[in-house]
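Let me begin by presenting the structure, written as structure tokens, before commenting on it.
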Amino acid sequence: MSLTDGGKQARPGRQKLLDLRQQQARRERRQRLMLWGAAVSSVMLVVGVVATALILDQRNTPSLGAVQTFTPEAGHTEKPVTYEQSPPAGGEHAPVWLNCGMYDAPVVDENAVHSMEHGAVWITYSPDLPAAQVEKLRESVPDTYMVLSPYEGLPSPLVASAWGKQLHLSGADDARLTEFVREFRQGKQAPEPGAPCTGGVDGGPTS
């Protein structure tokens with residue numbers, strides 16, 4: 001009797017232990033699921049924030065869809081060049097480049113084109129552009145690999161040119177100017193990006 005009674009008493013104890021272990025296992029599974037859920041939610045939140053920021057940045061970035069693209073031939077010549085674009089956006093040019101800088105008088109096309117071959121952006125503005133806009137250009141353009149000069153007979157108040165690239169602009173406040181400079185100054189479209197933009201022809205920069 002004692003063995004039988006002891007066996008009967010032991011079984012409920014073992015069952016209770018199994019039940020406790022199962023409950024513990026269920027709790028641990030729930031905790032893991034909650035942790036995974038929290039981790040996934042955090043990742044999704046970060047992804048959502050980054051995606052939103054990228055979308056907003058793209059919406060706020062001025063479009064360069066109006067940029068014209070050309071395929072100019074390079075090469076040196078001592079003769080005057082008749083360019084297909086005015087101002088030119090590349091082509092044959094003088095053997096010596098124009099020193100990059102800001103000019104208050106027109107510069108020689110052939111020298112400026114050589115600077116663009118080295119990766120410079122050439123900003124030309126109509127001679128009758130208001131002085132306040134000219135000053136804004138002086139303050140906003142980068143210090144290196146930039147040429148700023150007036151140009152007669154422009155098709156728009158302002159024209160930004162790089163080797164093989166050109167964009168007509170409405171003025172110094174046109175937000176596309178900054179984007180053009182960022183995209184094409186020392187850009188891969190230039191045949192010799194990084195070549196000197198000083199030590200060439202001194203065109204007399206005013207600053």
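What you are looking at is a predicted structure, and each value in this text was computed from that prediction instead of being measured.
Distance CH2/W163 to CD/E117: 5.0 Å, rounded to 0.5 Å. Note that CG of L148 is 6.0 Å distant from CZ of R138, once rounded to the nearest 0.5 Å. Distance check: L169 CG to T124 OG1 gives 9.0 Å after rounding to the nearest 0.5 Å. In this structure, OG1 on T178 lies 13.0 Å from CD on E183, to the nearest 0.5 angstrom.
Looking at residues two or more places apart in sequence or on another chain, you find a side-chain hydrogen bond (donor to acceptor under 3.5 Å, both in side chains) between R27 and Q24. For D174, the side-chain hydrogen bond (donor to acceptor under 3.5 Å, both in side chains) partners are S170, R176, not counting sequence neighbours. W97 is linked by a ring pair (Phe, Tyr, Trp, His ring centres under 6.0 Å) to H114, H118, counting only residues two or more places apart in sequence or in another chain. Judged as a side-chain hydrogen bond (donor to acceptor under 3.5 Å, both in side chains), and not counting sequence neighbours, the contacts of W122 are S149. With sequence neighbours excluded, no residue forms a side-chain hydrogen bond (donor to acceptor under 3.5 Å, both in side chains) with E110. Every residue meeting the salt bridge (Lys or Arg N to Asp or Glu O under 4.0 Å) condition with E179, not counting sequence neighbours, appears here in chain and number order: R182. Residues that satisfy the ring pair (Phe, Tyr, Trp, His ring centres under 6.0 Å) test with F184, not counting sequence neighbours, are F180.
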Notebook entry, point to check: side chain to side chain contact (heavy atoms under 4.5 Å, CB included) between L158 and I123: does it pass, once the steps are laid out?
Noted result: CA-CA 7 Å; L158 203 70; I123 300 175; 4.0 Å; yes
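Listed by first then second residue, pairs satisfying side chain to side chain donor-acceptor pair (under 3.5 Å) with a partner in residues 152-161 read S161-Q166, not counting sequence neighbours. Counting only residues at least two apart or on different chains, the disulfide bond (SG atoms under 2.5 Å apart) pairs with a member in residues 167-199 are C100-C197. Residue pairs meeting the disulfide bond (SG atoms under 2.5 Å apart) criterion with at least one member in residues 105-191, sequence neighbours excluded, do not occur.
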Could you list the donor-acceptor pairs under 3.5 angstrom formed by side chains in residues 68-84, with sequence neighbours left out?
from : atom 1 : to   : atom 2 : distance (Å)
T69  : OG1    : K165 : NZ     : 3.0
T77  : OG1    : K79  : N      : 3.1
Y83  : OH     : E92  : O      : 2.5

Which donor-acceptor pairs under 3.5 Å do the side chains of residues 139-147 make with protein atoms, sequence neighbours left out?
from : atom 1 : to   : atom 2 : distance (Å)
S140 : OG     : K136 : O      : 2.9
S140 : OG     : L137 : O      : 3.4
T144 : OG1    : R185 : NH1    : 3.2
Y145 : OH     : G194 : O      : 3.2
Y145 : OH     : A195 : O      : 2.7

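Not a single donor-acceptor pair under 3.5 Å links the side chain of N111 to the backbone N or O of A94.
Both V181 and L129 belong to a single network of hydrophobic side chains, linked directly or stepwise wherever heavy atoms of I, L, V, M, F, W or Y lie under 4.5 Å apart.
N99 has its side chain out of reach of V201: every pair of non-hydrogen atoms, C-beta onward, lies at least 4.5 Å apart. With contacts defined as side-chain heavy-atom distances shorter than 4.5 Å, the pair Y151/D109 qualifies.
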